[in-house]
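We count ligands from 1, going down the list as the structure has it; atoms in each ligand are counted the same way.
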Amino acid sequence: MRDGKPLKVAVLGCGSVGSQVVRLLGEQSGDLAARVGAPVELVGVAVRRLDAAREVEVPEGLLTTDAAGLVARADVDLVVEVIGGIEPARSLILSALENGASVVTANKALLAEDGPTLFEAAEKAGRDLYYEAAVAGAIPILRPLRESLAGDKVTRVLGIVNGTTNFILDKMDSSGAGFTEALEEAQELGYAEADPTADVEGFDAAAKAAILASLAFHSRVTANDVYREGISEVTAADVQSAREMGSVVKLLAICELKDDAVAVRVHPAMIPRSHPLASVREAYNAVFVESQAAGQLMFYGPGAGGSPTASAVLGDLVTVARNRLANTRGAGESAYADRAVLPMGETLTRYHVAIDVADKAGVLAAVALAFAEHGVSIQTVRQEGRGDEAQLVVVSHEATDAQLSSTVEHLRGMDMVREVTSVMRVEGDQE
Ligand SMILES: NC(=O)c1ccc[n+]([C@@H]2O[C@H](COP(=O)([O-])OP(=O)(O)OC[C@H]3O[C@@H](n4cnc5c(N)ncnc54)[C@H](O)[C@@H]3O)[C@@H](O)[C@H]2O)c1
Ligand SMILES: N[C@@H](CCO)C(=O)O
Ligand code: NA
């Protein structure tokens with residue numbers, strides 16, 4: 001013990017998450033001290049502007065615009081980084097570690113782009129770097145992967161890890177709204193940012209997928225290794241087509257172990273309504289983990305929002321603070337397996353393809369032949385309508401993504417095919 005000496009905390013950024021971290025540090029100070037074994041004292045909050053409106057009242061004299069000066073203070077034991085983005089967040093975290101502080105961050109963008117630099121700095125400094133809030137907000141998922149499942153072999157992680165896009169797709173499913181209309185509603189409710197690109201185009205989910213895959217498979221996976229498609233091209237017709245199959249469209253993050261390699265991808269996919277992930281509504285997140293000994297596990301809860309995310313930050317803060325008091329640190333990066341990353345073209349998946357065809361004799365055979373020529377076997381074919389309205393809906397068996405996408409190109413070039421109206425991957429047990 002430190003004879004009741006407080007552990008000193010600096011918080012960088014006082015936005016949605018930072019303000020809630022500051023609030024909880026104040027409101028829970030008695031319980032936090034008891035759980036940690038020493039008082040946890042907030043000694044500084046770095047902000048961009050001193051006079052900005054804030055969701056929390058910061059105690060007199062703690063606000064500063066000098067984040068670099070705050071992390072370099074010799075008396076700071078713990079630094080919480082909730083600024084976001086690459087710089088100055090990276091330099092501030094590196095400086096905090098070099099100056100002897102342990103770090104808690106919620107910054108998935110930085111971890112997915114340059115995690116190894118941070119892990120190596122933490123290792124060199126002999127300090128902790130914890131980041132539970134970076135993936136699926138309040139849901140405990142990183143610690144279960146890093147600690148609870150450390151004795152098992154994780155083979156697959158399948159998740160809905162972006163609240164904004166789940167809200168949009170859920171709206172499109174429940175009300176028949178188009179993408180633009182659903183996005184506007186998400187923005188009005190404050191789920192989507194004014195610039196929703198990172199959410200809608202799948203960058204946020206891809207960063208989280210990289211972090212999940214690194215922990216699950218003990219190998220370095222960065223955002224660049226993740227195949228990514230967002231939801232801006234998902235149409236009301238895709239969602240309707242999924243409904244007709246008893247499925248729902250979700251933006252999935254899929255991390256798989258294939259022999260010794262890993263495959264990591266983020267894209268919209270149709271999943272059966274009976275799949276546990278299909279019932280994840282609104283802005284909620286869920287992560288489904290499959291491992292050799294444990295079998296299937298599911299983690300569910302609020303994946304975003306200031307207060308839920310602050311819960312995960314505070315959980316890390318307590319652990320890191322306890323480690324400081326005990327003069328120890330938690331497990332560092334585990335990347336010993338050093339696995340190759342499989343290109344998307346070699347990844348096995350299934351496609352749902354809706355084709356607008358001329359209702360002529362031989363169409364079905366010609367379409368079936370196109371699939372066969374690319375080595376893709378068909379699971380089901382459905383014809384809807386007649387004459388000018390005729391649509392063929394084909395669901396394939398598993399094939400490589402390269403085989404499936406060349407089948408679609410082939411279909412697009414056929415005389416009998418007027419238009420390929422919907423192409424979407426299919427996940428879940430439908431075979
Ligand atoms: N909001 C969520 O639901 C959520 C969930 C999980 C993770 N996160 C992550 O948490 C982090 C923070 O997110 P947020 O939603 O609170 O963002 P935010 O934009 O609300 O807050 C960030 C704050 O940092 C401040 N800031 C920017 N540069 C600064 C600097 N140089 N010095 C001091 N302050 C500076 C900004 O003024 C802003 O107030 C991000 O990494 C984000 O990805 C957020
Ligand atoms: N923008 C993210 C916040 C949580 O990381 C989401 O919608 O899930
Ligand atoms: Na989490």
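Scanning the protein for heavy atoms near atom 40 (C) of ligand 1, the closest one is G84 CA, 3.6 Å. Closest to atom 9 (C) of ligand 1, if we only count protein heavy atoms, is A106 O, 3.3 Å. Of the protein's non-hydrogen atoms, the one nearest atom 44 (C) of ligand 1 is V17 CG2, 3.6 Å. In this structure, atom 8 (N) of ligand 1 lies nearest to the protein heavy atom K108 NZ, 3.7 Å. Among protein heavy atoms, atom 17 (O) of ligand 1 sits closest to S16 N, 4.6 Å. In this structure, atom 2 (C) of ligand 2 lies nearest to the protein heavy atom D199 OD1, 3.5 Å. Given atom 5 (O) of ligand 2, the protein heavy atom at minimum distance is K108 NZ, 2.4 Å. The nearest heavy-atom contact from the protein to atom 8 (O) of ligand 2 is G163 N, 2.7 Å. The nearest protein atom to atom 3 (C) of ligand 2, hydrogens excluded, is given as A304 CB, 3.7 Å; this is a heavy-atom distance. With respect to atom 3 (O) of ligand 1, the closest heavy atom belonging to the protein is G305 N, 2.7 Å. When only non-hydrogen protein atoms are considered, atom 21 (O) of ligand 1 lies nearest to G15 CA, 3.3 Å. When hydrogens are left out, the protein atom nearest atom 7 (O) of ligand 2 is T164 OG1, 2.6 Å; that is the closest non-hydrogen contact. Distance from atom 26 (N) of ligand 1 to its nearest protein heavy atom, with residue and atom name: I83 CG2, 3.9 Å.
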Go through the steps for E427 and H275 under the test side chain to side chain contact (heavy atoms under 4.5 Å, CB included), then give the verdict.
-> CA-CA 9 Å; E427 291 293 325; H275 192 283; over 6 Å; no
May I have the step-by-step check of side-chain hydrogen bond (donor to acceptor under 3.5 Å, both in side chains) for T155 and Q292, ending in yes or no?
-> CA-CA 7 Å; T155 50; Q292 219 166 54; over 6 Å; no
For side-chain hydrogen bond (donor to acceptor under 3.5 Å, both in side chains), just list the numbers for T235 and D238, CA-CA rounded to whole Å, side-chain angles, deciding distance to a tenth of an Å, and then say yes or no.
-> CA-CA 5 Å; T235 62; D238 293 326; 3.2 Å; yes
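Ion pair R265/E256 flagged as a salt bridge, since at least one NZ, NE, NH1 or NH2 atom sits closer than 4.0 Å to an Asp/Glu carboxylate oxygen.
Proximity of a side-chain donor or acceptor of D401 to a complementary backbone N or O of T347 within less than 3.5 Å is not detected. A distance-only check finds no donor-acceptor pair linking the side chain of E282 to the backbone of N166 [under 3.5 Å]. Here the side chain of R127 pairs no donor or acceptor atom with the backbone of A122 at under 3.5 angstrom.
Of all atoms in ligand 1, numbered sequentially from 1 with element shown, those under 4.0 Å from a heavy atom of V47 are 33 (C), 34 (N). The T309 neighbourhood of ligand 1 comprises atoms 3 (O), 4 (C), 5 (C), 6 (C), 7 (C), with distances under 4.0 Å to a heavy atom of that residue. Atoms of ligand 2 lying under 4.0 Å from at least one heavy atom of K208, given by number and element, are 4 (C), 5 (O), 8 (O). Taking every non-hydrogen atom of A133 and a distance limit under 4.0 Å, the qualifying atoms of ligand 1 come out as 6 (C), 7 (C). Atom numbering of ligand 1 starts at 1 in the shown order; those under 4.0 Å from a heavy atom of A304 are 3 (O). For ligand 1, the atoms closer than 4.0 angstrom to any heavy atom of G13 are 24 (O), 34 (N). Each of the following atoms of ligand 1 lies closer than 4.0 Å to a heavy atom of P88: 31 (N). Ligand-side atoms of ligand 1 in range of V82: 12 (C), 22 (C), range being under 4.0 angstrom from any heavy atom. Per-residue contacts place G303 under 4.0 angstrom from the following atoms of ligand 2 (heavy atoms of the residue considered): 4 (C).
Within a 6.0 Å sphere centred on CG of D51, other residues, nucleotides and ligands contribute more than 12 heavy atoms. Dense packing is recorded around CD of E346, with more than 12 heavy atoms of other residues, nucleotides or ligands lying under 6.0 Å away. In the displayed structure, D31 atom CG is contacted under 6.0 Å by more than 12 heavy atoms of other residues, nucleotides or ligands. Within 6.0 Å of CD on E57 lie no more than 12 heavy atoms contributed by other residues, nucleotides or ligands.
No donor-acceptor contact under 3.5 angstrom links the side chains of T64 and D66, judged on distance only.
By the 4.0 Å heavy-atom criterion, G137 is excluded from the residues contacting ligand 2. Using 4.0 Å as the threshold, L12 has no heavy atom nearer than that to any atom of ligand 1. Note on ligand 1: A46 sits in its first shell, one or more heavy atoms being nearer than 4.0 Å.
In this structure, Y284 and Y300 have parallel ring planes: the angle between them is below the 30° cut-off, well short of the 60° mark.
Side chains of M298 and L277 form a contact here, defined as non-hydrogen atoms less than 4.5 Å apart. Here the side chains of T319 and Y130 are in contact, with some heavy-atom distance below 4.5 Å.
With the Na ion (ligand 3) as the vertex, O of V135 and O of G137 span 100° to the nearest 10°. The OE2 atom of E132, the Na ion (ligand 3) and the O atom of I139 define an angle of 80° (nearest 10 degrees).
For the pair R228 and F203, the cation-pi test (distance below 6.0 Å, angle within 45°) is passed.
At a 4.0 Å heavy-atom cut-off, ligand 2 touches N162 through backbone and side chain alike.
For the pairing with R143, the side chain to side chain contact (heavy atoms under 4.5 Å, CB included) check across L149, D316, L215 returns one residue only, D316.
Protein non-hydrogen atoms do not reach within 4.0 Å of atom 19 (O) of ligand 1. By the definition of a contact as any protein heavy atom under 4.0 Å away, atom 31 (N) of ligand 1 is in contact.
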